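Read through the structure below, which is laid out as C-alpha cells, and then see the notes.
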Amino acid sequence: MTALHDWSLTPSAAVALQRELAPRLILEDRIEAVETIAGVDIGFEAAGEITRAAVVVLAWPSLEYLEQHVHRELTRMPYVPGLLSFREVPAALAAFDALQPRPDLIMVDGQGIAHPRRLGVASHLGLWLDLPTIGIAKSRLCGKHGAVPEARGEWTPLAHRDETIGAVLRSRQGVKPVFVSPGHRLSLPTAVDWVVRCLGRTKLPEPTRLADRLASRRGRVG
DNA sequence: GCGACAG
DNA sequence: ATCTTGTCGC
C-alpha cells in the first residue's frame with residue numbers, strides 16, 4: 001500500500017534536489033503589498049500514519065481571522081533531520097489549493113534557509129508556490145549563535161559556515177527564543193520585522209500559533 | 001570516528 | 001511530531 005509520489009525520493013536524491021533548488025531562492029525583498037498572511041503547520045494522527053496539514057489566513061494589519069483549511073492524507077515519508085520538507089510540503093500544498101486568493105505572505109513552522117543546504121521546509125514551500133515565506137522554528141537545526149538579549153523583539157544572528165542564515169529572536173520575555181530565517185523572496189531583516197509585527201503576547205506569531213492549534217486540534221481557531 | 005539533528 | 005498531570009505564574 002505504499003503510495004509512491006514524485007515527492008517520495010531516496011535520501012540521496014532528496015539531498016541532490018535540495019542542492020539544485022537552493023540557488024533559486026530569492027533572498028531580497030520581493031514582496032508585494034501585504035493584505036493577508038497565512039500560517040502553516042503539520043500535525044499527525046493515528047500514531048503518525050496520517051498527516052494533517054493546517055493553514056490559517058489572517059488579515060493584515062488587523063490580524064483578524066479570515067479562513068482556515070485542513071488537509072489530511074496518508075503519511076508518505078518518515079521524519080529525517082534535514083529532509084523535513086519532503087514529509088510535510090506535499091500535504092501543505094494540498095491545503096493551499098483550497099485558498100482562493102493566495103495569501104501575500106506565509107509563515108511556516110520550521111526553518112527557512114537556516115538549513116545545512118539552505119533549503120528548509122519554509123524555503124521549499126516558498127519556491128514551489130513562488131510566494132514570500134518565513135521560517136519560524138522552535139529549536140535549532142544547524143548554526144551557532146551567541147547570547148540572546150532578554151528584551152522582547154531583540155535578536156542575535158545565527159551563523160553557519162561564515163554565513164548569517166537566520167535570527168534567534170526573543171519573541172516573548174522569559175521564554176526560549178524562536179529561530180527565524182528567510183524562506184523565499186525576502187531578507188532576514190524583513191523576515192524578523194514581520195514576525196515581530198505579528199506577535200501577540202505569546203512566543204509564536206499569530207499565523208503560526210493558530211496553524212499550530214489547528215494542526216494539533218488543540219482548540220478552535222475560527 | 002563521534003556527536004548533532006526543524007517536526 | 002506525539003504520549004501525558006499537575007503545577008507555577010501573569
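Naming convention: chains lettered A, B, ... in sequence-line order (proteins, then strands); numbering from 1 in each chain. This one's a predicted model, so the numbers in the text were calculated from it and none came from an experiment.
Distance A:Leu119 CG to B:dA6 C1': 13 Å, rounded to the nearest Å. Look at CZ on A:Arg117: it is 12 Å from C1' on B:dC5, rounded to the nearest Å. One interatomic measurement links the two molecules: CE of A:Met77 to P of C:dA1, which rounds to 19 Å at whole-angstrom precision. If you take CZ of A:Phe179 and C1' of B:dG7, they are 14 Å apart, rounded to a whole angstrom. If you measure from atom CZ of A:Phe86 to atom P of B:dA6, you get 17 Å, rounded to the nearest angstrom. Between the CG atom of A:Leu158 and the P atom of B:dA6 there is a distance of 13 Å, given to the nearest Å. Put simply, CZ on A:Arg213 is 19 Å from P on B:dG7, counting in whole angstrom units. One can place NE2 of A:His115 at 19 Å from P of B:dA4, the figure rounded to the nearest angstrom.
Placement of A:Val180 and A:Val108 in two distinct hydrophobic clusters is found when ILVMFWY residues are connected by side-chain heavy-atom separations under 4.5 Å, directly or transitively.
The residue A:Leu83 sits close to a base: some heavy atom pair falls under 4.0 Å. Using a 4.0 Å heavy-atom cutoff across all strands shown, A:Gly43 reaches sugar-phosphate atoms only and no base atom. At a threshold of 4.0 angstrom between heavy atoms, the contacts of A:Gly82 include nucleobase atoms, whether or not backbone atoms are also involved. Residue A:Val121 is in base contact, counting any heavy-atom pair closer than 4.0 Å across all strands shown. When heavy atoms are screened at a 4.0 angstrom cut-off, A:Tyr79 is found touching base atoms of the nucleic acid.
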Show your working on ring pair (Phe, Tyr, Trp, His ring centres under 6.0 Å) between A:Phe96 and A:His69 and close with a plain yes or no. CA-CA 8 Å; A:Phe96 268 92; A:His69 197 77; 9.9 Å; no
Does the side-chain hydrogen bond (donor to acceptor under 3.5 Å, both in side chains) test come out yes or no for A:Asp109 and A:Thr208, once each step is laid out? CA-CA 6 Å; A:Asp109 187 34; A:Thr208 291; 5.9 Å; no
Could you go through A:Arg118 and A:Glu163, starting from their C-alpha distance and side-chain angles, then the distance that decides it, and tell me whether this counts as salt bridge (Lys or Arg N to Asp or Glu O under 4.0 Å)? CA-CA 11 Å; A:Arg118 308 291 180 268; A:Glu163 275 180 78; 3.4 Å; yes
Apply side chain to side chain contact (heavy atoms under 4.5 Å, CB included) to the pair A:Leu83 and A:Val15, showing each step before the final yes or no. CA-CA 8 Å; A:Leu83 302 181; A:Val15 167; 4.1 Å; yes
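With hydrogens and angles ignored, the 3.5 Å screen pairs no side-chain donor or acceptor of A:Arg72 with any backbone N or O of A:Ile50.
To the nearest 0.5 Å, atom NE2 of residue A:His115 and atom CD1 of residue A:Ile113 are 11.5 Å apart.
Between A:Ser139 and the phosphate of B:dC5, there is no side-chain N or O to OP1/OP2 separation shorter than 4.0 Å. The phosphate of B:dA6 has neither OP1 nor OP2 within less than 4.0 Å of any side-chain N or O from A:Lys138. Dashed line: the shortest gap from a side-chain N or O of A:Arg140 to OP1 or OP2 of B:dA4 is not under 4.0 Å.
Each of B:dA6, C:dT2, B:dG7 was ranked by its minimum atom distance to the side chain of A:Leu141; first place goes to B:dA6.
Against DNA chain B, the stretch residues 103-113 of chain A makes heavy-atom approaches under 4.0 Å through A:Asp109, A:Gln111.
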